[in-house]
Protein chains: 2
Amino acid sequence: MRALEGRGGRTRSSLIYDTLREELLNGRFQAGEKIAISALKERYDVGLSPLREALNRLAAYGLLIQENQKGFRVPRLDRDELEDIAEMRRELEGMALVRSIERGDAEWESELLAAAHRLKRADECPEQVDEWEHLHGRFHRTLVAPCGSAWLLRFIEQLHDQFDRYRRLAPEAPEVRRVLDTQHGELVALALARDARAARALMDDHIQRSYEVALGSFGERPDA
Amino acid sequence: MRALEGRGGRTRSSLIYDTLREELLNGRFQAGEKIAISALKERYDVGLSPLREALNRLAAYGLLIQENQKGFRVPRLDRDELEDIAEMRRELEGMALVRSIERGDAEWESELLAAAHRLKRADECPEQVDEWEHLHGRFHRTLVAPCGSAWLLRFIEQLHDQFDRYRRLAPEAPEVRRVLDTQHGELVALALARDARAARALMDDHIQRSYEVALGSFGERPDA
DNA sequence: AGTCAAAATATAATCGATTTTTTACGGCAT
DNA sequence: ATGCCGTAAAAAATCGATTATATTTTGACT
């Protein structure tokens with residue numbers, strides 16, 4: 001799989017980083033799995049150095065676990081951790097959304113409408129998952145973009161990535177999906193109406209429902 | 001400077017990481033400075049691979065900036081960013097403190113008292129800065145430790161590191177320092193009294209004052 | 001059979017050298 | 001003088017091979 005040829009100003013290391021991040025998010029690696037470095041080396045046809053650098057970055061970011069002298073592992077999926085991630089998302093994205101509503105300008109309103117529209121179009125093509133994921137992430141980023149805090153945005157991004165490891169693994173839930181899709185539009189409406197309180201409440205509910213979908217990644221309740 | 005010999009289970013990469021992190025926090029590198037990799041290589045007597053891996057991790061963590069094909073740079077100090085960091089510290093540490101007060105058990109109370117006591121002793125030995133920094137960090141970590149969210153703790157740690165880049169560079173402010181030292185004790189008292197609201201308010205004030213001290217890292221107001 | 005230790009194997013970490021890209025410099029035309 | 005192009009030097013990124021550590025296997029002994 002000679003996937004990393006003819007790049008533009010990018011470094012091998014950064015290309016592998018992006019690729020691996022995407023694959024980790026999409027559950028292409030078994031949770032808890034040990035990373036076989038030389039296998040990846042073959043698979044992407046790169047040297048050890050850029051590969052290891054990418055793995056180091058992913059570990060610092062939290063998408064891998066690094067143990068001295070024992071290489072890298074994919075973090076296990078853990079109910080408590082998912083709950084933690086969801087709870088933090090509610091706190092931080094709620095905070096960011098309120099601030100965005102206070103500070104966002106007319107240009108933001110336009111971009112928000114555009115992002116929501118693109119996402120809505122994608123909602124109707126369930127076959128193009130990658131495209132939908134892309135637009136979905138972009139919509140949520142747009143929503144909180146003008147919050148004014150670079151660090152808050154950074155943390156939110158990181159939490160989204162963590163959350164997506166679970167959500168993308170969960171089975172489809174069409175009824176909830178429809179509600180979630182509707183909420184995207186409602187979030188825009190509340191943002192444009194500058195109703196911070198209601199927007200925050202809706203965001204809370206949106207993340208809570210997503211969390212319940214993501215719980216599906218643990219398989220159908222072995223406790224029932 | 002053959003500083004990285006005879007290690008115990010640690011990897012060269014992780015040793016350099018710790019060393020560089022510490023030096024970055026202590027302002028041993030000029031803000032905005034370009035990292036001369038081969039100079040560091042000589043200085044710590046290590047190969048390029050572990051050094052670059054450490055730099056990659058530090059960049060992912062936010063203590064360095066990485067630009068494709070242009071190596072690594074120390075982030076500039078920026079008033080707006082410091083404000084952002086302080087604001088986020090107020091939000092996140094406030095949140096974590098409230099939760100700790102709700103959830104912390106008797107063992108936590110003991111450790112908190114111990115940590116505060118150790119810190120107080122160190123307050124009186126202004127010559128042992130490193131020791132004080134160590135105990136200060138530990139005190140603040142203890143304060144929020146039982147908040148129940150690993151991710152919240154992670155973000156707080158990261159923000160502390162960012163904040164310290166500024167604070168440790170700022171000139172001493174003995175009067176404010178005395179107030180801040182006193183507040184550590186008061187925080188413990190409020191935590192033990194389980195007065196979440198007052199504790200949060202005090203933490204807010206504590207961080208705000210620290211922020212004002214840290215502003216000193218920009219030199220004496222060129223705008224006056 | 002089960003257990004421990006030593007040897008063998010596999011994997012992680014590191015090094016030294018090479019390749020690629022950027023940056024600095026100097027001539028040349030405008 | 002100023003700006004552009006090509007070359008030289010420097011630095012970043014990468015590779016291939018080596019060393020160190022962990023894991024597995026083997027085989028003697030209980």
Side-chain angles (χ1 to χ4, degrees), chain A residues 1-21 24 29-76, chain B residues 1-21 24 29-76:
Chain A
M1 197 206 269
R2 288 198 125 264
L4 312 172
E5 292 275 311
R7 56 211 193 280
R10 309 287 318 279
T11 197
R12 265 179 168 64
S13 181
S14 70
L15 290 168
I16 303 173
Y17 176 90
D18 291 343
T19 307
L20 285 177
R21 170 176 166 277
L24 283 163
F29 296 89
Q30 190 69 32
E33 173 185 348
K34 191 155 165 9
I35 295 287
I37 301 190
S38 52
L40 290 188
K41 179 173 126 68
E42 309 294 313
R43 186 159 156 206
Y44 300 114
D45 191 45
V46 289
L48 281 181
S49 316
L51 179 52
R52 285 188 59 89
E53 289 186 14
L55 294 174
N56 269 278
R57 279 197 250 175
L58 287 163
Y61 184 65
L63 282 175
L64 285 177
I65 292 171
Q66 186 169 26
E67 283 167 317
N68 283 338
Q69 319 285 15
K70 297 209 196 157
F72 300 84
R73 288 188 307 107
V74 181
R76 296 192 182 291
Chain B
M1 196 205 270
R2 289 193 126 266
L4 311 173
E5 291 276 310
R7 56 212 195 279
R10 310 289 315 281
T11 197
R12 266 180 168 63
S13 182
S14 71
L15 290 168
I16 305 173
Y17 176 89
D18 291 342
T19 307
L20 286 178
R21 170 177 166 275
L24 283 163
F29 296 89
Q30 189 69 33
E33 174 185 347
K34 190 153 163 16
I35 295 289
I37 300 191
S38 51
L40 289 188
K41 180 172 124 67
E42 309 292 316
R43 187 159 156 205
Y44 299 112
D45 192 43
V46 290
L48 280 181
S49 315
L51 180 51
R52 284 187 59 89
E53 289 185 15
L55 294 173
N56 270 278
R57 281 197 249 173
L58 287 164
Y61 184 63
L63 282 174
L64 285 177
I65 292 170
Q66 185 168 24
E67 283 167 316
N68 283 339
Q69 318 284 18
K70 297 209 194 156
F72 299 85
R73 290 188 306 105
V74 180
R76 298 194 180 287

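Because the structure is a prediction, the values reported are computed rather than measured. We name chains A, B, ... by the order of the sequence lines, and we start the count at 1 in each one.
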#### Entry: Nearest-nucleotide comparison on DNA chain D, the residue closer to the 5′ end among A/Ser13 and A/Asn68
A/Ser13
Between [atom2] on [N] and [atom1] on [X], what's the gap in Å once rounded to a whole number?
{"X": "A/Asn56", "N": "C/dT14", "atom1": "CG", "atom2": "P", "value": "10 Å"}
{"X": "A/Asp45", "N": "D/dT14", "atom1": "CG", "atom2": "P", "value": "13 Å"}
{"X": "B/Glu67", "N": "C/dT22", "atom1": "CD", "atom2": "C1'", "value": "12 Å"}
{"X": "B/Arg12", "N": "D/dT18", "atom1": "CZ", "atom2": "C1'", "value": "13 Å"}
{"X": "A/Leu48", "N": "C/dT14", "atom1": "CG", "atom2": "P", "value": "13 Å"}
{"X": "B/Glu42", "N": "D/dA11", "atom1": "CD", "atom2": "P", "value": "12 Å"}
{"X": "A/Glu53", "N": "D/dA12", "atom1": "CD", "atom2": "P", "value": "12 Å"}
{"X": "A/Lys34", "N": "D/dT21", "atom1": "NZ", "atom2": "P", "value": "17 Å"}

Select one nucleotide: of [options], the one nearest the side-chain heavy atoms of [X].
{"X": "B/Ser49", "options": "D/dC15, D/dA13, C/dC15", "answer": "C/dC15"}
{"X": "A/Pro50", "options": "C/dT21, D/dC15, C/dC15", "answer": "D/dC15"}
{"X": "B/Lys70", "options": "C/dA13, C/dT22, D/dT14", "answer": "C/dT22"}

### Task
Return yes if some donor-acceptor pair links the side-chain N/O of A/Glu53 with the main-chain N/O of A/Pro50 below 3.5 Å, else return no.
no
What does [X] touch in the nucleic acid at a heavy-atom separation under 4.0 angstrom: a base, only the sugar-phosphate, or nothing?
{"X": "B/Lys41", "result": "nothing"}
{"X": "B/Ile35", "result": "sugar-phosphate"}
{"X": "A/Leu55", "result": "nothing"}
{"X": "A/Ser38", "result": "nothing"}

### Summary
Value for OH (B/Tyr17) from CG (B/Asn56), rounded to nearest 0.5 Å, stands at 11.5 Å
### Query
Within the structure, does a side-chain N or O atom of B/Thr11 lie under 4.0 Å from either OP1 or OP2 of C/dT14?
yes
### Task
Please state whether the phosphate of D/dA13, meaning OP1 or OP2, lies under 4.0 angstrom from any side-chain nitrogen or oxygen of B/Arg52.
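Checking B/Arg52 against D/dA13: at least one side-chain N or O falls below 4.0 Å of OP1 or OP2.
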### Task
State whether a side-chain donor-acceptor pair under 3.5 Å links A/Ser14 with A/Arg57.
no
### A/Glu33/A/Arg73 ion pair, N-O < 4.0 Å
no
### Message
Is it the case that over 12 heavy atoms from other parts of the model lie below 6.0 angstrom from the NZ atom of B/Lys70?
### Response
no
